[in-house]
Amino acid sequence: MTASTEVKIFAKPKKVAKRVAKQIFKMTQRSSQPRFNIALSGGSTPKKLFKILVEKHKDTIPWERLHFWWGDERCVSPDDEESNFKMTNDILFSQIDIPQENIHRIKGENNPEEEAKRYSEEISENLNLRDGIPVFDLIILGMGDDGHTASIFPNQLNLLEKEQICAVAEHPETGQQRITLTGKVINNANRIFFLVTGENKAQRIAEIMNDEEEAKLLPVYYITPENGKLIWYIDEAASSKIA
Ligand SMILES: O=C(O)[C@H](O)[C@@H](O)[C@H](O)[C@H](O)COP(=O)(O)O
């Protein structure tokens, strides 16, 4: 655990979502820059966060200054139930007043290799660079119960070090193709928030927080921002096995 890492534990997933939503609100208030670039995770955990952002911050966050990106996307069409964009659009974007040009969708319907290249170019053209690598103001990540994050899976640790900004990944069980940010870009962010809740994540969280040998097999173990800050937002169920 590096010095720039914090762990915050909350009783329930809704408390995690409320705190993260409040942090996003505060970050947008403190930031004087015209654009705030935030990359989202998919899956189910962020749903509570997106609902709270609508309930509590619909009229307080300056949505026109936020630009939304994704840490990963499934290679499916935007109206597919598997689409991270569709989930976010249904819960968040459809409920707030945000310019469409602020939503930078990974086009999962495109050829994966071509889309990884296109999205990499879109990111490079729109974000500041640090040592030639794009800088996200905030990246929100989840963790699978196998310790994957974004779409960097335990059998594809090479995606942590790839020179590209985005790469094509493959779900190890379903074979579903995905587009994912690489570890180099993720670790270049100013802020990384891990949102991890539920008993099914407790074993991996314990391995990471107890700095056990097994953690070194997990992609999340290698999410260590060089210049930024990493905060783990976890609930009691997910933290139940920490020593
Ligand atoms: O596209 C995805 O599925 C995500 O980006 C992925 O990395 C997710 O964050 C984890 O699998 C946790 O998913 P849950 O929040 O559903 O547990």
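Each ligand, and each atom within it, is numbered from 1 in the order the structure gives.
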So which heavy atom in the protein is nearest [atom], and how far is it from that ligand atom?
atom	value
atom 15 (O) of ligand 1	Thr45 OG1, 2.6 Å
atom 13 (O) of ligand 1	Gly43 CA, 4.0 Å
atom 3 (O) of ligand 1	Arg74 NH2, 2.8 Å
atom 12 (C) of ligand 1	Met143 O, 3.5 Å

If you measure every N or O of Gly42 against every N or O of ligand 1, does any of those distances drop under 3.5 Å? yes
Is there a nitrogen or oxygen of Ser44 sitting under 3.5 Å from a nitrogen or oxygen of ligand 1? yes
Candidate pair Lys18 and Phe10, rule side-chain contact (heavy atoms from CB on, under 4.5 Å), full reasoning: CA-CA 10 Å; Lys18 279 185 174 179; Phe10 298 83; over 6 Å; no
What are the atoms of ligand 1, with element, lying closer than 4.0 Å to any heavy atom of Arg178?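 In order of number, 1 (O), 2 (C), 3 (O).
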Atoms in ligand 1 flagged as close to Gly142, the criterion being non-hydrogen separation under 4.0 Å: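 So the answer, numbered in order with elements, is 9 (O).
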So Arg204 and Glu207, salt bridge (Lys or Arg N to Asp or Glu O under 4.0 Å) or not? Walk me through it. CA-CA 5 Å; Arg204 298 304 179 192; Glu207 289 169 5; 3.1 Å; yes
Does Glu73 come within less than 4.0 Å of ligand 1, judged by its heavy atoms? no
Counting heavy atoms not belonging to [X], are there more than 12 under 6.0 Å from its [atom1]?
X	atom1	value
Lys216	NZ	yes
Asn128	CG	no
Glu213	CD	no
Arg118	CZ	yes

If you measure from atom 17 (O) of ligand 1 to every heavy atom of Gln176, His148, Lys48, Lys201, which option wins on shortest distance?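 The nearest heavy atom belongs to Lys201.
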Could you pull out, from Ala150, Ala169, Gly144, Ser41, the option with a heavy atom nearest to atom 6 (C) of ligand 1?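 Nearest heavy atom to atom 6 (C) of ligand 1 lies in Ala150.
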Specify whether His104 and Trp69 have parallel, tilted or perpendicular ring planes, treating 30° as the upper limit for parallel and 60° as the lower limit for perpendicular.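 Correct class here is parallel.
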Using side chain to side chain donor-acceptor pair (under 3.5 Å) as the criterion, point out the one residue from Glu115, Glu114, Glu113, Glu121 that pairs with Lys117.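 Of the listed options, the one satisfying the test is Glu121.
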Does ligand 1 have a heavy atom under 4.0 Å from the side chain of Leu141, from its backbone, from both, or from neither?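 None of Leu141 does.
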Does Asp72 approach ligand 1 within less than 4.0 angstrom via side chain, backbone, both or neither, non-hydrogen atoms only? side chain
Distance col, row Glu73:CD vs Glu109:CD, nearest 0.5 angstrom, shows 9.0 Å
